[in-house]
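Bear in mind that the values here come from a model prediction, so they are computed numbers and not experimental data. Residue numbers start from 1 in every chain, and the chains themselves are labelled A, B, ... in the order their sequence lines are given, proteins ahead of strands. For the numbers below, each heavy atom of this structure counts, side chains included, while hydrogens, waters and symmetry mates do not.
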Amino acid sequence: MKMSSLLAPTLREVPAEAEVESHKLMLRAGLIRKVAAGIYNYLPLGLKVIRKVETIVREEMNRAGAQEVLMPNAVPAELWKESGRWDKYGDLLLKFKDRKEAEFCFGPTHEEVITFMVRSDVRSYRQLPINLYQIQTKFRDEIRPRFGLMRGREFIMKDAYSFHETEESLDAEYKNMRAAYCRIFERCGLDYRIVGADNGDMGGSGSEEFMVLAKSGEDEVLSCSCGYGSNVEAARALPVRCDDVPEAQQGIEETPTPGKKTIEEVSAFLKKLPKQAIKTLIYTADNTPVMVLMRGDHEVNEVKLKNVLKAATLALADDATVKKITGADVGFAGPVGMKDIRVVADESVQFIKNGYTGANRTDFHLVNVKYGRDFMAPELFDLRITRKGDMCPACGQKALESHRGIEVGHIFKLGTKYSDSMNAQFLDRESASRPFIMGCYGIGIGRTAAAAIEQSHDEYGIVWPLSLAPFMVLVTPATPNDPVQMEIAAKLYISLREQGIDALLDDRDERMGVKLKDADLIGFPYKIIAGKTAAQGMVEVKSRRGAIKENVEIAKAVDMIRQSIQEKKY
RNA sequence: CGGGGCAUAGCGCAGCCCGGUAGCGCGCUUGGUUUGGGACCAAGAUGUCGCAGGUUCAAAUCCUGCUGCCCCGACCA
């Protein structure tokens, strides 16, 4: 390929829309262009990178025994109604109608379709286990698409689904996929961590995320040197005692706190610590009010709460509901004397000493409250948001560290959520019908490419991992229109291609500076420059990461690069 | 959905307050001089000033509505 005919429109200036480095560089290097919010054209260089990621994913999935299929983008509503997600998935689902007014959605994920596929044609335990995957364009009408390919609305995803007779079989495949994912992200040259995660609306029993560590990551990852790692949303928290409050437990009293509503206001007014507060929140879970108790300095993790309550919807109750339940204005709710409402508390609440909480009477709080003495023992759960510095829930010894991560892969044990709701069954060896036990495994293809840039770039441009670079080598004459240099460059280009090394010839009539800036921006791992000394048989070989910067005999240049590629060092 | 902001040439921006011939830099085209890290000179081309109404002799500029986009939050594999 000649650079003069390649559509690689590099930009000197950064388009105003881009915020993070991968997005800026993908635009500047001419990899992608925006078509609409969260929707992109992939230009030749961008597509080449995407294909490289796809190839790695495909090779490793096939090696792991999965079979590739392809499902439709347009999915009939009836499948999504069967699973119950037509309504539950909400506005993320892009819905439309065909000419007969039949409803469809653009598939944002394909559990329904794959379940349909398998229930139609897999009947016997003899056909299990089976793992089917596709690499395909998804559409999710994200509330706020951003960061280029990192969070698009239309994006390319590899999604795999496995079907099993037993939990043991699912466990084995889950491990198999986990190992395949490790190979994939290693081959992509990424620094990643595997962390515990919440299943979200996917349902099921367990899941882990593959996080690429990068400052711009949208997720917070908590980790410990003992090996524990978790998305902050799912991180477990150990109950915290209150041993450092020296005072002796005293008797409960009501005290006026006029107009003091927030933890800060009340604790300052009563001269108590925020961690002595019993924060009382009223939530509405599936239309039923629930009282939630937290230590004053802790935050509710609504994902945990939702899971504990087994609620489909969860939101803080409105002021009127709070008033009706507590008989007081918002800000004065407390658990003492509460009846006829479900009360759940974070585990740390039981250790609060001389606590204070709302008196369920406007402008009054109760002080010196003790769990178990002054209010009914409610249900205790881990409900708080785990924070950096908290004790590791796994080893209990060390404080958790916090990092930012980009979620490039997610593996789930789904169980029978979809096979149950969609009535997908097989016959086991006793001729009994049983629902398939399912797993599902996703990788964001474009996001993986973006993560690679996020993790590896410099002030000049992209520094590709060898495995993802759109071209391996750029060959260029230093002086345009110098026939000797051009001829040598062209010969080198041809011999690189003959050796199976993907090279690009920069035949443009541009000054050296322009060509080199473009080369660094696009991020070719290697450059060969045929310059002044080319006529004497010498060319310059340079690598993007700086390991190689040498004048060598023309005949040796190709070998040098080939060897460097083999050693995977440049 | 809440808060904030933007919309003028391919890209980055000025002009808007105070209404009166639409500009700058980069890029693009042509010619010339250059040629090892984003050259220089000269001559050019390119705009429904996001859309629709309104006010006015006159609207990029003032008013109203709409749309698109960006940022923060909420939400989200």
Side-chain angles (χ1 to χ4, degrees), chain A residues 7 9-20 23-24 27-28 30 33-39 85 88-93 107-111 138-148 150-153 155 157-161 197-204 207-211 218-219 231 233-234 302-303 306 313-316 406-412 414 440-445 447 459-461 476-482 485-486 506 508-522 527-534 538-540 542 549 551:
Chain A
L7 181 64
T10 56
L11 300 174
R12 194 178 288 203
E13 290 175 281
V14 186
E17 72 200 50
E19 185 75 5
V20 298
H23 189 194
K24 289 179 186 171
L27 289 168
R28 285 193 56 212
R33 286 290 184 264
K34 188 172 74 177
V35 178
I39 298 175
R85 289 207 294 182
K88 204 181 164 190
Y89 211 80
D91 292 334
L92 228 47
L93 202 57
T109 175
H110 281 73
E111 285 77 11
K138 304 272 191 260
F139 193 99
R140 293 182 191 174
D141 200 356
E142 293 278 352
I143 295 166
R144 190 143 93 83
R146 58 185 141 180
F147 304 156
M150 210 103 102
R151 179 171 293 270
R153 292 148 91 204
F155 60 100
M157 177 170 167
K158 186 284 300 179
D159 47 325
Y161 306 88
D198 182 74
N199 279 40
D201 289 331
M202 299 291 283
S207 78
E208 287 171 295
E209 291 169 335
F210 286 71
M211 292 282 190
E218 292 187 275
D219 292 291
N231 190 315
E233 291 169 11
E302 293 190 354
V303 175
K306 203 169 165 179
T313 63
L314 180 75
L316 274 170
I406 301 164
E407 181 193 349
V408 290
H410 200 156
I411 54 179
F412 294 86
L414 290 177
C440 108
Y441 320 91
I443 291 179
I445 301 291
R447 190 182 275 186
E459 58 187 306
Y460 304 108
T476 183
T479 312
N481 308 322
D482 179 318
Q485 290 181 15
M486 190 63 208
D506 194 346
R508 294 176 302 168
D509 182 13
E510 288 286 356
R511 297 167 67 87
M512 195 71 265
V514 173
K515 293 185 179 192
L516 295 177
K517 289 285 184 196
D518 275 347
D520 288 347
L521 180 58
I522 294 166
K527 296 186 279 278
I528 303 179
I529 302 161
K532 291 189 192 100
T533 56
M538 301 292 282
V539 290
E540 184 175 349
K542 275 178 153 177
K549 189 177 176 180
N551 287 300

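Between the side chain of Glu510(A) and the base of rG38(B) there is no donor-acceptor pair of N/O atoms closer than 3.5 Å. Between the base of rG36(B) and the side chain of Lys542(A) there is no donor-acceptor pair shorter than 3.5 Å.
When both pairing distances are held under 3.5 Å, rC28(B) makes a Watson-Crick or G-U pair with rG44(B). Across every strand in view, rU35(B) sits unpaired, with no contact that passes the Watson-Crick or G-U test at under 3.5 angstrom. rG20(B) is paired with rC57(B) under the Watson-Crick or G-U wobble criterion, all donor-acceptor distances under 3.5 Å. Here rA14(B) sits opposite no nucleotide as a Watson-Crick or G-U wobble pair (both hydrogen-bonding atom distances under 3.5 Å).
In terms of phosphate contacts, Arg144(A) brings a side-chain nitrogen or oxygen within less than 4.0 Å of OP1 or OP2 of rC71(B).
rU61(B) and rU56(B) have their P atoms separated by 16 Å, with the value rounded to a whole Å. On the C1' atoms, rA60(B) is 5 Å away from rC49(B), given to the nearest whole Å. When the P atom is compared between rG27(B) and rA39(B), the two are found 8 Å apart, to the nearest whole Å. Nucleotides rC71(B) and rG32(B), compared at atom C1', are 47 Å apart to the nearest Å. When the C1' atom is compared between rG54(B) and rG19(B), the two are found 15 Å apart, to the nearest whole Å. Here, rC72(B) and rC26(B) have their P atoms 32 Å apart, quoted to the whole Å. Taking atom P on both rC6(B) and rG36(B), the two are 45 Å apart, rounded to the nearest angstrom. Between rA52(B) and rG44(B), the two C1' atoms lie 36 Å apart (nearest whole Å).
Rounding to whole angstrom units, CD of residue Glu218(A) and P of rG73(B) are separated by 10 Å. Put simply, CE on Met486(A) is 17 Å from C1' on rG36(B), counting in whole angstrom units. rC28(B) atom C1' lies 13 Å from atom CZ of Arg12(A), rounded to whole Å. Per the geometry, CZ belonging to Arg28(A) stands 14 Å off P belonging to rG38(B), to the nearest Å. Between Asp518(A) atom CG and rG36(B) atom C1' the separation is 15 Å, expressed in whole Å. Straight-line distance from the CD1 atom of Ile143(A) to the P atom of rG2(B): 13 Å, rounded to whole Å. Distance Leu316(A) CG to rC75(B) P: 10 Å, rounded to the nearest Å.
Nucleic acid contact class of Ala37(A) (heavy atoms, under 4.0 Å, all strands): sugar-phosphate only.
Nearest to the side-chain atoms of Asp520(A) among the listed nucleotides rU34(B), rG37(B), rG36(B) stands rG37(B). Residue Lys517(A) has its side chain nearest to rG38(B) when only rG36(B), rC75(B), rG38(B) are considered. Side chain of Arg146(A), nearest nucleotide from rC70(B), rG37(B), rC75(B): rC75(B).
Comparing Glu19(A) and Glu142(A) along RNA chain B, the residue whose closest nucleotide (by nearest heavy atom) sits nearer the 5' end is Glu19(A).
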Exercise. After noting the C-alpha distance and the side-chain angles of Asp518(A) and Asp506(A), does the key distance pass the side-chain contact (heavy atoms from CB on, under 4.5 Å) rule?
Worked result: CA-CA 10 Å; Asp518(A) 275 347; Asp506(A) 194 346; 5.7 Å; no
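Between Glu218(A) and Arg151(A) there is a salt bridge, since at least one side-chain N of the basic residue sits less than 4.0 Å from a carboxylate O of the acidic one.
Atoms NZ and CD, from Lys515(A) and Glu510(A) in turn, are 7.5 Å apart once rounded to the nearest 0.5 Å.
Closest heavy-atom contact between Leu11(A) and Arg33(A): CG-NH2, 3.7 Å.
The side-chain hydrogen bond (donor to acceptor under 3.5 Å, both in side chains) test with Asn231(A) singles out one residue from Glu209(A), Glu407(A), His410(A), and that residue is Glu209(A).
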